[in-house]
Amino acid sequence: MQGRYDPKTIEGKWQAKWEEQGVFSAHDDSEKPKYYCLIEFPYPSGQGLHIGHIRSNTAMDIVARKRRMEGFDVLYPIGWDAFGLPTENYAIKTGIHPREVTRQNTDNFRRQLKGIGFSFDWSREINTTDPAYFKWTQWIFLQMLKKGLAYKAKMMINWCPSCKIGLANEEVVDGKCERCGNETEKREKEQWMLAITKYADRLHDDLDTVDYLEKIKIQQRNWIGRSEGTTVKFPISNFQSPNKSEITNPGSQSPNEPQNTDSKRQTEEDFIEVFTTRADTLYGCTYVVVAPEHPLVREQLTDSSEQITVSKEQKARIKNWEEVAAYLKETKKKTEMDRTAEGREKTGVRLDGLMAINPINGEAVPVFVADYVLGDYGTGAVMAVPAHDERDYAFAKKYDLPVRMVVMPHLTDKKNPPREGKKTVERDTIHALVRNPKDGKFLCLEWKNHPWTTFIVGGVENGEDVVGAAMREVFEETGYSNLKYIETLGGKVQSEYFAAHKDENRIANTSALLFELEDDTRERVVEEEAAKHSILWLSLDEIRNREMTCAELDFWLARLDGKDGAFVDDGTLTDSGEFSGLSSSQAREKISTKLEADGNGKKVVKYKLRDWVFSRQRYWGEPIPVVHCEQCGIVALPESELPLELPEIDGGYSPTDTGESPLAKIGSWVNTTCPTCGGPAKRETDTMPNWAGSSWYFLRYIDPKNGSALADPEKLKRYMPVDWYNGGMEHTTLHLLYSRFWNKFLFDIGVAPTSEPYQKRTSHGLILAEGGVKMSKSKGNVINPDDIVSDFGADTLRIYEMFMGPFDQPIAWGQNGLVGSRRFLERVWKLQEKLTTHNSQLTTEESGLTTENSQLTTGEQEQKVKTIDSLLHKTIVKVSEDIEAMRFNTAVSSMMILVNAIEREGTISKHSFGLFLRILSPFAPHIAEELWENIGNTGSVSLAAWPEADLAYLVSDTVKIVVQVNGKMRDSFEIPADASEDDLKTHALDSDKVKPYLDGKEPKRIIVVPGKLVNIVV
RNA sequence: GGGCGGAUGGCGAAACUGGCAGACGCGCUGGACUCAAAAUCCAGUGAUGGCAACAUCGUGAGGGUUCGACCCCCUCUCCGCCCACCA
């Protein structure tokens, strides 16, 4: 008898033992295969360990412990991502040095983490703020600088006018400063940048080589935002299209001949280059738009002045310069908030006096500046195709610009699809929609030899215009002669179908025309037509509800309602010169190729991903190790001078009034000599963002104390890549991408041994406060793990956090379930009173284990032991599989089921209890160690072998068959597993419970699923 | 607006490939032990009807496919997270 379960005593005892004996150390020289488990190292905030840290750390702890037991040399390290804003803000408030704040916080975190019993290798603890660590962060920066990946550029940054400080994107929440809540502005400032975009394609493509959750891959791909497209050069003409009127509306356009613009061009560079992914819509371009940041209207904007400087020459060309300048000023004043709050109403101003020449057809189109075009994506200019782009459509509607449809939607009539082996005829057709203004009904035809209801349909004869053709058809088919043409409903729609009456496949390019009946005048219809169909007037509702023989119906109805916008999908080209008739994808290829051949364009790949703004105007970050020399410009510090440490500071940690880092105030530190020429120089005062230290920390764990290299190459080779990295979804697009980028760079310069740092990436769900809201200090709903550990014990907390719900989904904390987890462990504790020395017969035979004293064996006891062993081995399988799939909740529940069964049967063999303790140990390591010791084992259960299920226990000679009648369960029976289908049928039909449902009738059908069920259909 | 995920008892949730819906835990009800309480143990616990055996209904709403649907398809509602004019 071992007394009560007392977690306080045993948890402290085992934590001390583990540490003393180095049970969880990874061994660089181990013969075993390595396994590298990684969690995101915590930011040591003043609030202490979050309950959510415990959930994700426990999950990886379970994996790490299982791997260790499976014979791997496991690296499961821990450290501190300690540079960052909250610490600095706390320092600003209290005047305590951030280093000291960090020390206190990490001490607290370390104590808390150790108290949960995580199997971290504490000998490898790292801290990003340790000069011995950030020496290498700075070193990596210098390597990037050498390779041209680090550069300075003027960037629009988020500026808080109240705090007078530049903010990172993540510090701006809904357009407001995270700290003071004031609205932020955009301001231009020189910043250090890292050229992550040079790695965009590899970061994108190499996702195929790693095992990340699909949603993580999708999010990264979307963030990188690769799109293949074409740049097109639109030469600028100063003249208002001398030879032709302004660009034409659909229906009345004349054929375009390429126009010679040589004499009008001033320089070779005088063109607007646009980027498009839809080169197939080039003929539909009716204007060109440049972003407010585009060089055509803006050369530079400095943060010291509101002046917009554009060359005189350019101003002179733009006739309405005053108006344009006003718009640019307006745009600049708008905050992010305004831009989105307006419901994204599009605004813009035409650049009078400028026309852009569409290189594909020589057509001159007007040029606009509008802020719906982004200055920093693509080329900062777009060709606007309102018919095929929602944004251009909205802008065109607002400013009354022409919409020219050049891509026909392409439909296949599902009711009459084209047939193989028939000839195909393509022609232009019309649908005439004739409305009777008196009742709003439409004129339709009901066909006599086919089950069709159609509008008035017909072909367009050579030389005929569509309106004429439609009026002719209406007259011929219905006799109505007085029609008023209202409008053409959008552009043509192409449909493919089989025309049964002509036995041929048709491709119809159909225009829909709306008419109104002027009066009822109706001529007699010729016999031939009258024999084919009769007329019918249908309301819109009737048309919707009736099966109309009209593949295009949805388009026509939407256009009638005026709900029609841009058609943005692919289709078939029309009114596009030599490219008409091609599919969108063919046309993109051919048009791009032609542009490229003529020197008017180029196929390119663009990314949404931007270069990484790497500067922060802060104290608590890694100093950027360069100096600015009057003679030599930007000069890198020699590597021998690393680490460049932060200076001690007297006058507070706040940034300066000009937005410079507080480092700028320390003359003795800033003023230095140039490493190259020895002349006077100033140190860079920007520091790195806190993403820097976390971009390579997984490498440092491998060799954390190395003073002469980032890590020993041999050791890196042994441990990389990380085999399993679990973290939060919120880090998918920043940290995960940044660290993949740094690792790839280090791989390229021969430092990192693998191109990808992480082999497998999974993610956890957040733990929310009760009520499903975020835990926050201000709401006072933060759960302190210390309280739970002291009230219930660390093992209970671990079990509960794994049991409470699916690991990958967010879950609200509820205190109520904790007691259940504690009870479970109490029951496990009491099992040591129920041990028997008997092993079941099967175990001894099958796995060759020694039988202990068997004098007390009785048949009954043996049966009980066997029942338990059979369930135990099923549990081993379940727990093993569930851990790999991160289904920790069902793993715990299956162990609960086992414990319930042991209690019910009243006994378990000592050997089997040992197996159970092994699978329990990753979840509740302290109690498992204590019981393992109590039943007479020496050594740690954490290093015992992970049990393998004995297959002999898993197979059963009988199966339970469910009997359904019409899909509803009515009975079940046990039957030998090898029973035939006929046996099952007979048995099922024989059931007394089933018979009443059959009511003496013969079953219509009987479905037998071997090993599972019989379903009788009556 | 787009992407991803979710909705099942009083509550957290199971149901792995379309085959017994609600495992496991909490809570609740009744009982045992106790002078009493706590703890523990035993039994019950989706809803409705019935003394009961049992029957009917039931996985956000509505349709569909299927012998059979929490699961697949279509439409919709609500919730969460991420992105948000990316041409």
Side-chain angles (χ1 to χ4, degrees), chain A residues 4 213-216 218-219 221-223 225-227 229-230 274-279 281 289 291 336 339-340 343-346 370-374 376-385 388-392 394-395 568 606-610 728-730 732-733 765-766 768 772 799-800 803-806 808-821 823-824 826-827 830 878 881-882 885 887 889-900 903 960-972 993 1003-1009 1011-1018:
Chain A
R4 281 182 55 81
L213 286 183
E214 198 51 37
K215 62 176 172 182
I216 296 174
I218 289 170
Q219 227 181 83
R221 288 205 185 97
N222 289 347
W223 188 263
R226 179 190 166 101
S227 55
T230 311
V274 305
F275 173 70
T276 180
T277 54
R278 292 297 303 274
T281 64
V289 191
E336 289 291 304
R339 279 214 198 183
T340 46
R344 282 183 226 137
E345 171 100 1
K346 302 209 168 10
D371 67 5
Y372 80 91
V373 173
L374 305 176
D376 56 354
Y377 179 75
T379 57
V382 302
M383 61 179 218
V385 185
H388 304 293
D389 182 280
E390 297 286 1
R391 296 151 301 183
D392 297 340
F395 190 81
V568 298
K606 296 273 180 197
Y607 300 92
K608 285 189 216 172
L609 185 69
R610 309 296 155 80
M729 278 309 282
E730 70 275 20
T732 303
T733 50
L766 292 175
L768 306 165
I799 289 277
Y800 178 59
F803 180 64
M804 61 194 299
D808 61 347
Q809 271 166 242
I811 191 159
W813 181 262
Q815 197 84 356
N816 295 341
L818 265 167
V819 62
S821 300
R823 281 181 197 152
F824 166 63
E826 297 270 9
R827 290 208 299 272
K830 283 193 195 144
K878 174 83 178 144
E881 286 174 358
D882 280 353
R887 289 190 300 253
N889 53 334
T890 51
V892 173
S893 104
S894 70
M895 288 189 284
M896 287 173 168
I897 291 168
L898 176 64
V899 169
N900 291 347
E903 283 184 339
K960 189 179 159 194
I961 302 293
V962 166
V963 186
Q964 296 181 333
V965 179
N966 289 336
K968 283 199 173 168
M969 206 280 255
R970 296 301 176 187
D971 197 9
S972 66
K993 287 189 184 158
K1004 276 188 208 149
R1005 201 175 148 188
I1006 300 177
I1007 287 123
V1008 179
V1009 183
K1012 279 200 170 149
L1013 74 109
V1014 179
N1015 187 14
I1016 301 163
V1017 186
V1018 292

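In this text the structure is predicted, and so the values were computed from the model without any measurement. Proteins get letters first, then strands, A, B, ... in listed order; numbering begins at 1 in each.
- Computed from coordinates, the A:Asp882 CG to B:A13 C1' distance equals 14 Å when rounded to whole Å.
- With rounding to whole Å, A:Ile811 atom CD1 is found 17 Å from B:G25 atom P.
- Side-chain contact check for A:Trp223 versus A:Tyr607: every heavy-atom pair is 4.5 Å or farther apart.
- Between A:Gln219 atom CD and B:G80 atom C1' there is a gap of 14 Å when expressed in whole angstrom units.
- Rounding to whole angstrom units, CG of residue A:Leu766 and P of B:C81 are separated by 9 Å.
- Taking the side chain as every heavy atom from C-beta outward, A:Ile961 and A:Lys1012 never approach each other to under 4.5 Å.
- Nucleotides B:C54 and B:G19 place their P atoms 26 Å apart, quoted to the nearest Å.
- Note on A:Tyr377: a side-chain N or O is less than 4.0 Å away from OP1 or OP2 of B:A87.
- For the pair A:Val1017 and A:Met804, nearest-nucleotide mapping onto RNA chain B gives the more 5' position to A:Met804.
- In this entry the distance linking CG of A:Asn966 with C1' of B:G68 reads 9 Å, nearest Å.
- Residues satisfying the side chain to side chain contact (heavy atoms under 4.5 Å, CB included) test with A:Val382, not counting sequence neighbours, are A:Val289, A:Val373.
- Atom pair A:Trp813:CH2 and B:A13:P shows a separation of 14 Å (rounding to whole Å applied).
- Look at the C1' atom in both B:G68 and B:C76: the space between them is 26 Å, to the nearest Å.
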Check nucleotides 15-24 of chain B against the protein and report each pair of N or O atoms closer than 3.5 Å, with its distance, or say if there are none.
residue: B:G19; atom: N2; partner: A:Gln964; partner atom: OE1; Å: 2.9
residue: B:G19; atom: N2; partner: A:Asn1015; partner atom: ND2; Å: 3.3
residue: B:C20; atom: N3; partner: A:Lys960; partner atom: NZ; Å: 2.8
residue: B:C20; atom: N4; partner: A:Lys960; partner atom: NZ; Å: 3.0

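- The same atom, C1', is picked in B:A23 and in B:A32; the two are 27 Å apart, to the nearest Å.
- Aromatic ring pairs are classed by plane angle as parallel below 30°, tilted from 30° to 60° and perpendicular above 60°; the pair A:Phe395 and A:Tyr372 is tilted.
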For nucleotides 52-55 of chain B, tabulate all protein N/O to nucleotide N/O atom pairs closer than 3.5 Å, reporting atom names and distance.
residue: B:A55; atom: OP1; partner: A:Tyr997; partner atom: OH; Å: 2.7

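- For B:C67, one of the phosphate oxygens OP1 or OP2 lies less than 4.0 angstrom from a side-chain nitrogen or oxygen of A:Arg1005.
- Within the 4.5 Å cutoff, the side chain of A:Ser227 has heavy atoms near those of the A:Tyr377 side chain.
- B:G6 and B:C74 have their P atoms separated by 15 Å, given to the nearest Å.
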Secondary structure string for RNA chain B (Watson-Crick or G-U under 3.5 angstrom, | for other-strand pairs): (((((((..(((......[....)))((((((.......))))))((((....))))..(((((..]....))))))))))))....
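- Distance A:Glu903 CD to B:A43 P: 11 Å, rounded to the nearest Å.
- Atom name P, nucleotides B:C85 and B:C72: the rounded distance is 33 Å, in whole Å.
- Comparing A:Gly378 and A:Met729 by the nucleotide of RNA chain B that holds the closest heavy atom to each, the one mapping nearer the 5' end is A:Met729.
- Across the P atoms, B:A38 and B:G30 are found 13 Å apart, a figure rounded to whole Å.
- Taking the O4'-C1'-N9-C4 or O4'-C1'-N1-C2 dihedral as appropriate, B:G9 has a value within 90° of 0 and is therefore syn.
- Partners of A:Gln809 under the side chain to side chain contact (heavy atoms under 4.5 Å, CB included) rule, at least two apart in sequence or in another chain, are A:Pro806.
- Partners of A:Asn1015 under the side-chain hydrogen bond (donor to acceptor under 3.5 Å, both in side chains) rule, at least two apart in sequence or in another chain, do not exist in this structure.
- Spacing between B:C16 and B:C79 at atom C1', rounded to whole Å, works out to 26 Å.
- Atom C1' of B:A87 sits at a distance of 46 Å from the matching atom of B:A13, rounded to the whole Å.
- Pairing each heavy atom of A:Val892 with each of A:Phe803, the nearest pair is CG1-CD1, 3.6 Å.
- By the 4.0 Å N-to-carboxylate-O rule, A:Asp389 lies too far from A:Arg278 to be salt-bridged with it.
- Side-chain contact between A:Arg226 and A:Lys606 is absent, with no heavy-atom pair separated by less than 4.5 Å.
- Within the structure, every side-chain polar atom (N or O) of A:Thr733 is placed at least 4.0 Å from both OP1 and OP2 of B:C83.
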